Every structure is written in C-alpha cells, then in structure tokens.
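Quick note: numbers below take in every heavy atom, side chains included, and nothing from hydrogens, waters or symmetry partners. In the text below, chain A, chain B and the rest are named by the order of the sequence lines, each starting its count at 1. Computed from a prediction, not measured in an experiment: that's the story for all the values here.
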Amino acid sequence: MSSNYKDTLCLPKTSFPMKANLRAKEPEMLEFWARINAYEAMVQASPADSRYVLHDGPPYANGHIHLGTALNKILKDIVVKSANMRGQRAEYVPGWDCHGLPIEHKVAQEIKKEKLDLNTLQIRQRCREYAETYLDIQREEFKRLGVFGVWDDPYMTMKPAYESATASELGEFMSTGSAYRGKKPVHWCCSCKTALAEAEVEYYDASSPSIFVRFPLPDEKFAKLLPPEAAEKAANAPAYAVIWTTTPWTIPDNMAVAAHPEFEYSIVLAGGGVYVVASQLLPTLVDRFHWADREVLAEVPGSALEGLEARHPFYDRPSPIVLADYVTLDAGTGLVHTAPGHGREDFETGVRCGLDIYSPMDDEGRFLPSVEHFAGMNVTEANPEVIKLLTEKGHLLAQEKISHSYPHCWRCKQPVIFRATTQWFISMETNGLRKRALDAINNEVRWIPSWGRERIHSMIENRPDWCISRQRNWGVPIIALICKDCDTAYHDGEWVKSVAARFKDHPLGCDAWFEADVKDIMPEGLVCPKCGGTNFVKEDDILDVWFDSGTSFSAVVEQRPECAFPADLYLEGSDQHRGWFHSSLLASIGTRGVPPYRAVLTHGYVVDGEGRKMSKSIGNVIAPQQIIDKHGAEILRLWVSAVNYQEDVRISDEILTRLVDAYRRIRNTARFLLGNLADFDPAADCVDFGEMNPIDRYYADLLLRRRETMVNAFSSFEFHKVHHTLHNLCVTDLSAFYLDIVKDRLYVEDRDGAPRRAAQTVLWIALQTMLEAMAPILSFTAEEIFQHLADPLRAAMAAADAATVFGVRPSLPAPFLEKAERDRFESILAVRAEANRAAEPVRKRGDVGKSLDCSLTIQAPEELLDALRMDGLDLEELFIVSKLELRGQDHKEALPNELVSDEIEGLRIGVAPAVGDKCERCWRIDEHVGKAGREGVCPRCAGVLERLPS
RNA sequence: GGGCCUAUAGCUCAGUUUCGGUUAGAGCGCACGCCUGAUAAGCGUGAGGUCGGUGGUUCAAGUCCACCUAGGCCCA
C-alpha cells in the first residue's frame with residue numbers, strides 16, 4: 001500500500017554503475033580510446049593558433065617504470081589535458097633517452113655471459129635492441145596509466161635524425177670555439193686499460209701503505225711567521241711541511257701541498273728540524289714520530305702559509321703551499337699532498353692554482369721513460385721504490401699499513417687509479433656561457449617553485465667546464481680527427497656539421513661514423529696545422545648522454561610540428577636542476593643564445609608513509625603495478641592530484657585507502673547527478689537564473705565559483721587545490737546540502753514543471769563542472785560518465801560528433817550573484833546548522849528520526865527574521881522539515897527542546913515532532929493528508945497526481 | 001662536510017608572502033546516532049592539534065630570527 005505511489009515519483013535512473021571495477025574497466029577504456037583516437041580528438045578540439053608546448057624529458061630506456069616516473073608522467077598528462085580543456089592546443093611527444101652507460105653495462109654483462117667477442121658496431125646493435133626492448137615495455141606501462149600522447153611516434157635519442165641533431169649542436173660549439181680538448185683525472189683500470197665512470201667503480205676495503213713525508217721548506221718568508229726569539233731557535237734547523245698519503249706512487253707527480261685556510265697550524269721544533277702540522281693533530285703525530293723533546297714555536301692560521309715554497313722530496317722542483325677547503329683533520333697532518341693528475345680535488349686545486357696536470361703514465365699505469373727513478377714501473381712496483389727513495393733521502397717520517405675503502409674495477413675487480421686523461425670540454429667562460437646562462441636563469445625563466453632559481457643558479461655559478469667526452473661505445477661520437485704524429489685535434493665546426501648531416505640519412509644514424517674509413521670522412525687535403533702531418537685517426541670518444549638529452553630542444557622542439565621553440569614548460573623531478581634542466585640550458589644558451597624553456601616546474605620524490613625514501617634494502621618499495629592491480633590506475637592518478645607534489649610526496653596503504661574513499665564519493669555524486677538528469681534536455685528545459693528560487697540561485701552561483709577556483713588552480717599547476725575543491729564540492733556543497741534539499745522537488749514535483757527543471761538546471765551545471773575538472777585527472781571515470789550521458793546532454797555539452805569527454809569544451813557563465821545576496825543566504829545556512837544541532841538530542845531520545853519528522857520554531861532578533869523571510873524562499877524545503885515557524889523576541893515562553901544558540905546572538909530553536917499524518921507519496925508530515933480527494937496523500941501530491949498523464 | 005628544500009589533527013591539505021593580532025580551519029577516517037526513494041549508498045552530531053624541538057625579538061609568534069632534531073634532492 002505504501003509503495004502505491006512510488007511509481008508516480010521521478011526517481012533517479014541511470015545505467016552508470018555504482019561499483020567502479022576499475023581494474024577490469026580501465027583496459028577496456030584504453031582500447032576504446034585507441035579505437036576512436038581520443039588523443040587526436042582532444043587535440044583537434046583545441047585551436048591550432050593557441051599552443052601550449054610541454055616538452056617531455058626523456059626517461060632512460062632501462063627497467064620498468066617506478067612511482068617516480070609514474071608521478072612525473074601523470075603530472076604531465078594533467079598539464080596537457082587541462083591545457084586542452086581550457087582551449088589551448090597541447091600536444092605531447094613522449095621521448096626516451098637511449099644511449100649511455102647503464103645500457104652498455106647490461107649488454108656487456110650479456111656478452112660476457114655468452115662469451116662473445118663483438119666489435120663496436122655489433123655492441124652498438126645489441127645496445128640498440130636492448131633500448132628498444134625497454135622502450136616498448138615502458139611505453140605500455142605509461143599508456144596503462146591513461147597518459148595521452150603520440151605513443152606511436154615518440155622521440156628517441158638514438159634515432160638517426162636525433163643523433164644527427166645532437167652531433168650538429170656539437171659542431172656549433174666547435175664553430176664558436178667553446179669546445180676544447182684538455183686534461184682531467186678519471187678512474188682508470190690498468191688491467192682493462194680503460195677509463196671508468198663512477199657507476200663502474202665498486203668500493204671495498206683494501207690494504208694500502210700509509211706514509212708520512214716531510215717536504216723541505218727552505219723559504220725565507222717562513223722565518224717571518226715566527227716571533228723573534230723563536231726565529232733564533234729555529235735559525236739553524238731546516239724547515240719542513242709534513243704530509244700524509246696512502247698512495248706513495250703519486251709522490252713523483254706531486255705539484256703542491258694544500259692547507260686549510262682556517263685551520264690552525266703549529267710550527268714545531270723537534271728532532272733537529274722545524275715542522276709544520278695542524279695543531280689539532282700534533283698530539284697524535286708526536287707519538288708517531290717519537291718527538292720526545294718538541295717545542296711549539298708558533299701557531300699560525302693556514303692562510304698564513306699560502307704561497308710558501310716547499311720543495312719536492314726527491315725531484316728538484318717546487319711544491320708550493322696552496323689553500324683548499326676540503327682539507328680535513330680526520331687523519332694525516334692537516335697538509336695534503338697534491339697531485340693534480342691523480343685526484344679529483346687535486347685536479348680542481350691544480351686548475352685553480354695553475355699547477356701542471358701531471359700524469360706521466362701509459363694505459364697500463366706504467367711510468368713513462370721520462371720519469372726519473374721509476375720509469376716502466378706500475379703502481380704496485382713503484383710504491384716500495386718510492387718509500388725506499390724517501391727513506392734514503394731521510395724524508396720518510398713514518399710508515400704504516402692501513403685498511404680503507406678503495407675503488408676497484410667493476411669488471412676485473414682490480415684496484416683502480418686516478419689518471420689524467422685527455423677529454424673534451426665545453427668552456428663555461430670562452431663565450432661567456434656561464435654569465436649568459438645565469439642571466440637567463442634570473443630574467444628569462446619562470447621557476448616553479450621559485451627556489452628552483454636559486455638552486456640551479458648556484459649550480460651553474462660553481463660548476464667546472466662541462467666534460468662532454470666518454471670513452472665508450474654506446475653514444476653519439478665526438479666528431480674530430482686526431483693527428484697521429486702530434487696528437488692535435490682537427491674539429492672545424494662546419495666540417496663537424498657536414499659529418500653530422502650524414503647521420504640523418506644512414507639507417508643506423510651515427511654508426512656511419514664508426515664504420516667509416518677515416519679517408520672517407522676527412523676533408524680533402526687535410527694537413528695538421530701544428531706539425532704538417534697527414535696521418536689522422538678518428539676520435540673514438542662519444543658524447544656525454546646529458547649532451548644528447550640536453551639538445552632535445554634542437555632535435556625535437558624545433559623540428560616536430562607538434563612543438564614550437566622555446567617550449568612553454570619543462571616538468572621533471574628536482575634532481576634535474578643538475579641534470580636535464582641544466583644541460584638543456586647550457587646547450588641552448590650556447591647555441592641559440594636563449595633558454596629552451598619559458599618555465600620550469602619541479603616535483604619532489606616519492607617517499608613512504610614515514611617520509612623515507614624507497615629502497616630495496618629497507619623493503620618499502622611500492623611498484624606502480626601493485627597499485628594498479630589492487631586499485632586501478634585511476635587511484636594512482638587521484639593520488640598524484642591530491643598531494644602537493646612540490647615537496648616530497650608520501651604514499652602508503654592508508655593514503656591509498658583514503659583516496660579510494662574519496663574516489664567512491666566523487667563517483668557516487670556523479671552517479672546521482674546522472675540519475676536525476678536522465679529526462680533532462682538542456683536545450684529545452686533549462687531555467688534562467690532569474691527565474692530560480694533563492695536556493696537554486698545560490699547553489700548555481702556557488703558551483704560557478706567553485707569552477708572558477710578549479711580553473712585557476714589548473715592554470716597555476718596547483719592540482720591538489722583542484723582535488724580538494726572537487727572533493728569538498730561533492731561532499732559538502734552537493735551531497736550534504738543541495739542534493740539533499742532538492743531530492744524532494746526532483747522526486748515529487750511535476751516532471752516537467754519549472755521547480756523540478758530549475759533544480760535539474762543546477763544539477764546540469766554541477767555535472768559539467770565536475771566533468772571539466774575530472775577529465776584531466778580522473779580521465780577513466782570522466783569518460784565513463786560521458787559515455788553514460790543521455791544524447792541531449794551530450795549534444796549540449798560537446799559538438800554533436802564528439803565521441804570522447806576530451807572533445808568537450810564546456811561553456812559555463814561566470815558567477816552572477818551579488819555579495820549581499822550570498823551573505824544573506826549564508827546567514828540563513830548558519831541558522832540551518834544550528835537547527836541540526838538542536839534536533840540531535842531529540843533524535844537521540846527517539847522522539848524524531850529523520851529531519852522531515854520535525855517541526856521547527858525559530859525565535860530570532862528582528863534583523864535575522866528579516867533575512868530569513870527571503871522572497872521566494874521555502875524555509876521548510878531548505879531545512880528539510882515538515883513545518884517551520886518564525887517568531888519574534890517578544891515571546892517569553894520556552895520552546896520545546898529548546899536550543900539557545902552559542903553561535904548566533906538571540907537565536908533559539910525549538911524542535912518537536914511535526915503534527916499530522918505522513919504523506920505516503922512525499923513523506924512529509926501534513927495536517928491535510930487525505931483531505932484533498934486522494935487517499936493518504938497531501939494536497940501538493942494530490943495536485944501532482946491530478947496532472948499526471950494517464 | 002656544503003647548497004637547496006620539508007616538518008600544522010591518524011591521513012590529505014588550508015592558514016605563513018605584502019600587514020605578526022580573538023578560541024589554529026576543511027574534508028576524509030574514527031565514535032555515536034538517524035534514514036532505508038543515491039542503498040556494498042545517503043544524512044546528522046561529536047571527539048581529535050604543546051603548529052618537529054630549544055632559545056630569542058615583541059604588548060603579542062604556527063607566522064620573524066638563531067640553533068638543534070628528523071627526512072628529501074644535489075654535490076663533496
């Protein structure tokens with residue numbers, strides 16, 4: 001009986017399922033998008049004359065994607081999709097970084113396992129295949145995330161055209177004179193006869209000799225550091241600076257002694273000599289050197305020692321004292337033996353102080369014939385001989401053995417040495433590269449967040465010249481010819497570019513260089529400008545992979561029709577201030593004079609729920625695939641949108657569980673809107689704001705304001721603001737307020753009557769607002785909603801032929817309500833909140849159940865009563881009660897279950913069960929039920945039933 | 001060891017800039033109710049915070065300064 005009238009209601013109707021079943025649905029949606037080419041449809045729906053160029057930083061084609069790469073790609077996808085949704089054509093050309101050591105390593109391991117002996121071209125082919133394999137794997141993984149782009153035509157740094165562009169940019173640096181050949185110490189394996197990159201070096205403990213050596217210090221200026229009486233005592237004793245080293249074999253290549261400018265040094269009279277050592281280390285040294293009767297003559301800061309001329313302990317040459325702030329007091333003497341050809345810091349000191357970068361060794365680590373005492377000896381052989389010679393000269397103060405962490409070759413496990421080698425560099429100064437880059441950082445690029453500016457600025461400010469050469473196979477060759485007779489390099493820029501141009505037309509790109517005979521490459525009649533020789537060999541170094549990716553502006557942004565130089569945005573993790581942002585800036589400033597990007601956006605790292613980095617050893621690594629398998633890629637996308645990615649972002653089971661909850665809420669809200677819009681045709685049924693009641697007007701305006709907030713948040717890349725706004729919109733604005741309020745009207749009133757159509761008009765605005773905000777983030781769900789829209793709705797939202805939500809460009813009006821009207825309505829909502837509070841104890845007692853059971857009496861000051869008496873406002877509807885009465889302050893008797901408001905001065909609310917019978921159709925309680933000619937229903941419902949078509 | 005960054009309810013975020021100024025906010029989750037016409041839904045109420053720590057400036061500090069702790073990125 002009670003359900004007799006259910007069929008006469010307009011209840012929601014939709015085929016949109018409550019349960020998302022993302023794991024199963026997402027692959028279907030991806031297929032659908034591929035079939036209709038949704039990416040292309042999205043791009044084509046945006047005008048070509050308003051472009052937005054996000055240039056993809058290429059991930060390395062090795063291994064599976066991880067949460068960091070997923071975060072990065074999803075952020076890019078949100079940027080691209082939101083740009084299109086706002087009407088800017090943003091195309092996305094994904095790329096991969098293919099050359100370089102990690103791949104060459106893996107391939108080398110395979111080759112070793114298979115016991116093969118391959119030449120350069122064969123190795124390169126294996127590397128190429130390896131990169132392709134992982135590129136394909138990653139491409140599928142990225143697509144699975146719902147990321148849109150030209151996946152069937154990505155850029156790759158190993159494609160012939162790309163390699164040609166890279167080599168050509170090198171030619172440009174050669175032309176301007178910025179590129180040069182120079183010396184630099186690198187890790188060197190004497191048994192493999194090769195340079196090793198940092199990644200190829202393994203550290204483990206080894207035993208080394210540890211020796212303390214005195215360097216004669218016969219400098220007149222030294223005596224001036226002593227007070228007069230001390231100088232007298234020292235007058236007849238020879239002076240020495242004392243150093244410590246664990247690599248005796250580098251003593252022959254010593255060029256200086258380094259002191260820390262701020263440490264205090266003691267000048268000590270002991271054993272007939274005057275010694276300089278760091279004061280703090282003196283006690284340990286006294287024991288070690290058995291200085292029983294020592295006397296400290298003076299204490300001076302390291303800076304006072306600068307420029308004193310010590311002498312090499314066995315060669316007749318100076319070894320000046322220089323200053324360096326890497327000197328420590330952990331061990332040794334506080335004075336550091338400096339061999340610029342054999343250590344990284346030593347090298348930098350050498351460059352800074354104009355020392356010779358001296359490293360007279362061959363590829364096997366044997367001293368050259370020119371080296372007195374040690375010619376032909378390798379490191380192991382030279383160590384005892386150096387110690388022997390120092391002992392003979394009387395300069396060895398102590399000798400021990402020490403076990404410490406020492407670098408070894410990853411391949412042959414032998415200890416490695418530092419050796420100065422010939423490398424190629426791009427000068428930071430020659431053409432003012434450093435200064436121009438710093439200017440661009442300060443004036444021409446927007447850094448988001450703003451501290452990115454300072455970070456990259458200090459890196460560029462302090463970096464040494466860019467070493468662009470690697471002694472490897474898998475990369476773009478450094479195009480140059482080396483004179484066999486005098487080791488001079490020929491690298492004319494135009495010639496380099498002409499060789500680079502050939503790579504474009506070779507099926508394997510720069511393999512052209514490796515397979516070519518030098519005769520076919522060298523310019524006709526080339527003569528060495530230095531020695532007049534004509535015997536040249538090809539340079540066999542390759543380029544640093546950062547040079548490869550750093551020239552993507554040339555290979556991709558300038559060339560692809562989807563892009564335009566300079567790019568609007570580069571978007572990567574904050575590690576790329578040193579990496580890709582850095583190399584791209586130098587390459588572009590160096591060859592184009594302008595930065596390659598207008599803005600640079602960085603995101604943080606993905607860390608676990610406690611803020612710790614993910615690592616295999618801690619066992620806290622979460623793979624994207626795990627999350628996709630459990631929750632779906634959509635939840636991962638929602639996570640990206642929810643967190644503030646400018647800082648490190650946390651992920652954990654709890655965080656994901658919360659996001660699943662949020663997802664369900666958003667989905668259900670959309671479902672409710674769909675259900676209640678099933679019979680709505682915007683073209684025919686929309687009601688003007690001017691004809692709506694105050695509730696509809698307020699919420700229509702509120703939705704438009706929320707939309708404005710979200711559109712702005714997208715523009716400023718504050719996606720977490722979009723997320724919070726969208727979620728609050730669903731939870732509070734819609735579910736807890738508007739939807740709850742207008743359910744009555746939607747279900748009960750005349751299907752085609754103005755009151756119901758007005759509510760639907762607001763729902764229609766809500767749905768469009770949601771779809772617009774969801775599409776870039778919750779792409780799968782937005783599309784699913786779009787596909788469930790009834791035809792008239794879809795036609796109203798998109799061009800008639802739009803087959804995908806990404807073809808939609810909603811046109812909604814700006815917010816329209818005057819502030820005064822908003823404020824007035826909000827003061828009424830504040831009373832509503834108090835009414836809820838008042839009803840709670842009555843409900844707890846069981847006197848009333850749902851809100852509609854209640855009858856409210858509101859007593860308030862006249863001013864507030866005026867506000868409540870708003871034209872056209874049905875307070876019973878707004879408060880969702882069956883009866884509501886207002887009364888003035890002059891009433892003194894207490895109200896039933898009275899609540900005296902703490903929040904609003906003078907407000908009292910009484911709550912009682914409403915009087916009358918429950919209308920079987922609308923469930924309101926009314927005194928006139930059954931009295932309007934229909935059994936069990938109120939007069940309002942009787943009227944509606946009367947008008948129903950039979 | 002150096003440069004840059006981060007720290008506000010169990011979780012995700014507001015509030016800090018240009019102006020330091022009532023009782024530090026939201027949503028989720030949680031607890032307790034209600035509803036059964038959004039139903040593996042929906043509504044209501046409530047309890048949760050020494051604003052990482054210490055010290056300083058000030059009439060007044062989540063907000064400004066110094067130091068410390070924990071964590072992250074990049075270097076050494």
Between B/G27 (C1') and A/I666 (CD1): distance, integer Å | 11 Å
Can you check whether A/H603 and A/Y645 have ring centres sitting under 6.0 Å from each other?
-> no
Identify each atom pair where a protein N or O and an N or O of nucleotides 34-36 of chain B are less than 3.5 Å apart, giving names and distance.
residue : atom : partner : partner atom : Å
B/C34   : O2'  : A/G849  : O            : 3.1
B/C34   : O2'  : A/K850  : N            : 3.4

A/V731 has its side chain closest, among B/G27, B/C43, B/A40, to B/G27
When you get a sec, tell me which of B/G37, B/C28, B/A38 is the closest nucleotide to the side chain of A/N668?
-> B/A38
Write down the protein N/O and nucleotide N/O pairs, taken from nucleotides 45-47 of chain B, whose separation is under 3.5 Å; answer none if there are no such pairs.
residue : atom : partner : partner atom : Å
B/U45   : O4'  : A/E840  : OE1          : 3.4
B/G46   : OP1  : A/R837  : NE           : 3.4

Can you tell me if the side-chain N/O atoms of A/K743 get under 4.0 Å from OP1 or OP2 in B/G42?
-> no
State whether A/Y5 places a side-chain N or O below 4.0 Å from either non-bridging phosphate oxygen (OP1 or OP2) of B/G37.
-> no
[atom1] gap between [N] and [M], integer Å:
{"N": "B/A9", "M": "B/C51", "atom1": "P", "answer": "9 Å"}
{"N": "B/G10", "M": "B/C30", "atom1": "P", "answer": "15 Å"}
{"N": "B/G48", "M": "B/C64", "atom1": "C1'", "answer": "30 Å"}
{"N": "B/A14", "M": "B/C32", "atom1": "C1'", "answer": "28 Å"}
{"N": "B/C11", "M": "B/A76", "atom1": "P", "answer": "36 Å"}

Answer yes when A/K743 and A/D740 have at least one side-chain N-carboxylate O distance shorter than 4.0 Å, and no when they do not.
-> yes
Hits for side-chain hydrogen bond (donor to acceptor under 3.5 Å, both in side chains) against A/R658, two or more places apart or cross-chain, chain-then-number order -> A/E654
With sequence neighbours left out, the residues meeting side-chain hydrogen bond (donor to acceptor under 3.5 Å, both in side chains) with A/R446 are none
List the protein contact pattern of nucleotides 68-76 of chain B with one symbol per nucleotide (5' to 3'): B for base contact, S for sugar-phosphate-only contact, - for none; contact means a heavy-atom distance under 4.0 Å.
-> ---SSBSSS
Protein-nucleotides 9-13 of chain B N/O pairs under 3.5 Å:
residue : atom : partner : partner atom : Å
B/G10   : O2'  : A/E654  : OE1          : 3.3
B/G10   : O2'  : A/E654  : OE2          : 3.4
B/C11   : O4'  : A/E654  : OE2          : 3.1
B/U12   : O2'  : A/A642  : O            : 3.1
B/C13   : OP1  : A/N644  : N            : 2.3
B/C13   : O4'  : A/H724  : NE2          : 3.4
B/C13   : O3'  : A/H720  : NE2          : 3.2

With no hydrogens and no angle check, is any side-chain donor or acceptor of A/S855 less than 3.5 Å from a backbone partner on A/P913?
-> no
